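Note that the structure is a prediction, hence the values are computed from the model and not measured.
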Amino acid sequence: MDSRRDFLQKVIAPFIVLPFLSSKEKSCNQSDSDGRVLRVAIMGLGGYGTMVAEAMKDCKRAKLVGVISGTPSKIKYWQSKYNIPEKNCYNYENYDNIKNNPDIDAVYVITPNALHKEGVMRVAKAGKHAICEKPMSVNAKDGEEMIEACKQANVKLLVGYRMHFEPKTLEIIRMRKDGELGKIKFFQGLCGFTIGDPNQWRLNKKLSGGGSLMDIGIYAINGSRYMTGEEPAWVTAQETKTDTVKFKDGVDETIQFQFGFPSGAVASCLSTYNMDNLDRFFLDAENGYAELWPSTGYGPIKGRTNKGELTQPHKTHQTVQMDEMAAIIFEGKKPVVPVDGEEALKDLKIIDAIYLAVKTGQKVDLKL
Ligand code: NAD
């Protein structure tokens, strides 16, 4: 009997189990870490969309399975490069049909800023989780509508704040939370680069919603918040424009802004499309300091504190982000720094206030 049982177990059992779990199903629904895999379609197959797609190749819990694009030739190229089936390809006219596609869990919206709102609203209506690039939208009012739409549809809304998962950044946050730095006194965030092609969407207010502040200054805004651990209570801001042809009305070239926090800490930040070598965070505190330089580029991020150099290893930001987002969506995991719509809405409220402070020359109070 024993030998017969052995025979059945060794020879027949694999054939009984295998039909229920084909290798395709295994790769789509299960991962090495045994969590459910987030099956993602990317909307907007541009520079950053490509970077996310490449990074997702190394994800354990997220997989690129679909695309949404207005350019048929790009769709064909992505299909062959990432092995994407025809049934998971959509254009901007027909992507509402994604609601009938059980093989896509989430759509990552990586289009120009002013198009994020429509993308997220339609994705939510189709019953899919929405991941959206920063800035979540081009003003707080639109952001509120996006949050509400996702709530109504009972889907998650997450925003691509990749720095919230970056190991050296997280170590400084840990030190601050554990009291190793003492009382926080000052933050400086310098973010900018020299922008090229004057015809790109980033310099077209209709598509960008603004200028450097929307695109790169948002890192200093968001960084002010996660580095100090506080929400700003007021903001002052000043704009400088040296090129009114390239940076038209409503498209800021350089803005300096200052925050005051409830604890008495202050921040001083610079956002620009007209200077290089600016990717630096500095946090000064009662018992020490922390510096990240570069602070928000694609990495490796470098950092040091009064205790010495930070040595946490670099991991591709978007790979970590997408794996973490799978856990947030499926298991409700709480990240150290939130990446949800409410978090992004705070940045949008601050952006609105900075533009108002520039326009009026007044200090603007914030209630976040
Ligand atoms: P990009 O110009 O390289 O790509 C934009 C894509 O959107 C293109 O494929 C374009 O064809 C498509 N698109 C759809 N409708 C369009 C329209 N009406 N006009 C122009 N393009 C249209 O830009 P990008 O650098 O990939 O930026 C896309 C988004 O990603 C932006 O919101 C940006 O802020 C964000 N981003 C985030 C990071 C990050 O590190 N988190 C980095 C870069 C960009």
| request: Assess the side chains of Asp252 and Ser212: does a donor N or O sit below 3.5 Å from an acceptor N or O? | output: yes
| Should Met322 and Met325 count as side-chain neighbours, where that means a heavy-atom distance under 4.5 Å? | yes
| field | Heavy-atom side-chain contact between Val109 and Ile131 under 4.5 Å | value | no
| message | Main chain of Pro112, side chain of Arg202: is a donor-acceptor contact present, judged purely on distance under 3.5 Å? | response | no
| field | Lys302 NZ/CZ over Trp293 ring centroid, <6.0 Å and within 45° of normal | value | no
| field | Asn94 atom CG, neighbour heavy-atom count above 12 within 6.0 Å | value | yes
| task | Would you name the heavy atoms of Asp352 and Ala140 that are closest together and state the gap between them? | result | OD2-N, 3.1 Å
| query | Between His164 and Pro338, is there a donor-acceptor pair closer than 3.5 Å when you use the side chain of the first and the backbone of the second? | reply | yes
| query | Is a side-chain N or O of His116 found less than 3.5 angstrom from the main chain of Ser137, in a donor-acceptor match? | reply | no
| task | Give a yes or no on this: more than 12 heavy atoms of other residues, nucleotides or ligands lie within 6.0 Å of atom CG of Asn97. | result | yes
| Ion pair present between Asp323 and Arg61, side-chain N to carboxylate O less than 4.0 angstrom? | no
| request: Decide whether Glu239 and Tyr355 meet the rule of one side-chain donor and one side-chain acceptor closer than 3.5 Å. | output: no
| Asn113 side chain to Glu133 side chain, donor-acceptor N/O pair below 3.5 angstrom | no
| task | Given salt bridge (charged side-chain N to carboxylate O under 4.0 Å, His left out), test Asp105 with Arg36 step by step and report yes or no. | result | CA-CA 11 Å; Asp105 302 307; Arg36 194 171 151 202; 3.7 Å; yes
| Residue pair Ala124 / Ala149: nearest heavy atoms and the distance that separates them | CB-O, 4.0 Å
| task | Measure from the side-chain N and O atoms of Arg176 to the backbone N and O of Glu171, and report whether any donor-acceptor pair falls under 3.5 Å. | result | no
| said: Does atom CG (Asp197) have a neighbourhood of more than 12 heavy atoms from anything else shown, all under 6.0 Å? | reply: yes
| task | Taking atom types as modelled, find out whether Gln258 and Gln238 have a side-chain donor-acceptor pair closer than 3.5 angstrom. | result | yes
| request: May I ask you to decide whether Lys134 forms a salt bridge with Asp347, counting only side-chain N to carboxylate O separations under 4.0 Å? | output: no
| request: Mark yes when over 12 heavy atoms from residues, nucleotides or ligands other than Lys359 sit less than 6.0 Å from its NZ; otherwise mark no. | output: no
| Going by heavy atoms in the side chains, are Ile147 and Leu345 under 4.5 Å from each other? | yes
| field | Salt-bridge contact Arg174-Glu180 (side-chain N to carboxylate O under 4.0 Å) | value | yes
| query | Hey, what do you get for OG1 (Thr316) to NE2 (His314), rounding to the nearest 0.5 Å? | reply | 4.5 Å
| query | Under a 4.5 Å cut-off applied to non-hydrogen side-chain atoms, are Tyr161 and Gln321 in contact? | reply | no
| field | Any side-chain heavy-atom pair of Asn101 and Tyr90 under 4.5 Å | value | yes
| message | If hydrophobic clusters are built by linking Ile, Leu, Val, Met, Phe, Trp and Tyr wherever their side-chain heavy atoms come under 4.5 Å apart, do Ile221 and Leu366 end up in the same one? | response | yes
| Ionic contact status for Asp340 with Lys156, cut-off 4.0 Å | no
| field | 4.5 Å side-chain heavy-atom contact, Ile68 and Ile42 | value | no
| said: Quick one, Tyr95 with Val123, criterion side-chain contact (heavy atoms from CB on, under 4.5 Å). Give me CA distance, side-chain angles, the key distance, then yes/no. | reply: CA-CA 8 Å; Tyr95 76 84; Val123 165; 4.3 Å; yes
| query | Is the shortest side-chain N to carboxylate O distance from Lys333 to Glu324 below 4.0 Å? | reply | yes
| Lys346/Glu342 salt bridge by N-O under 4.0 Å criterion | no
| message | What I'd like to find out is whether the side chain of Gln79 reaches to under 4.5 Å of the side chain of Asn88, using heavy atoms alone. | response | no
| task | Run the salt-bridge test on Glu166 and Arg162 with the 4.0 Å N-O cut-off and return the result as yes or no. | result | no
| task | Check the pair Lys87 / Asp103 against salt bridge (charged side-chain N to carboxylate O under 4.0 Å, His left out), numbers first and verdict last. | result | CA-CA 9 Å; Lys87 70 174 186 59; Asp103 299 327; 2.6 Å; yes
| task | Can you measure from NZ (Lys315) to CG (Asp58) and round to the nearest 0.5 angstrom? | result | 12.5 Å
| task | Among Phe257, Tyr226, Phe281, Phe282, find the residue that satisfies the ring pair (Phe, Tyr, Trp, His ring centres under 6.0 Å) test when tested with Phe187. | result | Phe281
| request: Identify whether the distance between the nearest side-chain nitrogen and carboxylate oxygen of Glu253 and Lys246 falls below 4.0 Å. | output: no
| message | If hydrophobic clusters are built from ILVMFWY residues whose side chains come within less than 4.5 Å, do Val364 and Val358 share one? | response | yes
| message | Please find the pair of heavy atoms, one from Lys177 and one from Val336, that lie closest to each other, and give the distance. | response | NZ-CG1, 3.8 Å
| said: For a 4.5 angstrom cut-off between non-hydrogen side-chain atoms, does Leu38 reach Phe330? | reply: yes
| task | Keeping the roles fixed (side chain from Ser271, backbone from Ile255), state whether a donor-acceptor pair exists under 3.5 Å. | result | no
| field | Any donor-acceptor pair under 3.5 Å from Asp276 side chain to Thr194 backbone | value | yes
| message | For Ala114, is there any backbone N or O sitting under 3.5 Å from a side-chain donor or acceptor partner on Lys117? | response | no
| query | Rounded to the nearest 0.5 Å, how far does CG of Asn287 lie from NZ of Lys185? | reply | 9.5 Å
| message | Quick check: is Phe193 connected to Leu203 through a chain of hydrophobic side chains (ILVMFWY, heavy atoms under 4.5 Å apart)? | response | yes
| said: If we check side-chain contact (heavy atoms from CB on, under 4.5 Å) with Ile354, which of these qualifies: Leu356, Ile351, Ile350? | reply: Ile350
| request: Say whether, by atom type as modelled, one donor and one acceptor occur between the side chain of Asp279 and the main chain of Thr296 under 3.5 angstrom. | output: yes
| Verify same cluster id: Leu283, Leu170 (apolar side-chain graph, 4.5 Å) | yes
| task | Over all heavy atoms of both residues, which pair between Ala62 and Cys59 is shortest? Give the atoms and the distance, please. | result | O-CB, 3.1 Å
| request: From the options Lys168, Lys307, Arg280, select the one residue that forms a salt bridge (Lys or Arg N to Asp or Glu O under 4.0 Å) with Glu291. | output: Arg280
| field | Lys241 side-chain N/O to Phe247 backbone N/O, donor-acceptor pair under 3.5 Å | value | yes
| query | Around atom CD of Glu331, are there more than 12 heavy atoms of other residues, nucleotides or ligands at under 6.0 Å? | reply | yes
| task | Any chance you could lay out the side chain to side chain donor-acceptor pair (under 3.5 Å) test for Gln318 and Tyr48, step after step, and finish with the verdict? | result | CA-CA 10 Å; Gln318 299 82 1; Tyr48 196 63; 3.0 Å; yes
| task | Look at Glu54 together with Lys57 and state whether they make a salt bridge at an N to O cut-off of under 4.0 Å. | result | yes
| task | Give a yes or no on whether Leu115 and Met214 share a hydrophobic cluster (residues Ile, Leu, Val, Met, Phe, Trp, Tyr; joining criterion: side-chain heavy atoms under 4.5 Å apart). | result | no
| query | Can you check whether Trp234's main-chain N or O pairs, donor with acceptor, with Asp365's side chain at less than 3.5 Å? | reply | no
| query | Just checking, any donor-acceptor pair under 3.5 angstrom between side chains of Glu230 and Ser263? | reply | yes
| task | Verify the neighbour count for atom OH of Tyr77: are there more than 12 heavy atoms of other residues, nucleotides or ligands below 6.0 Å? | result | no
| field | Non-hydrogen atoms of Val235 and Ala353 that approach each other most closely | value | CG1-CB, 3.7 Å
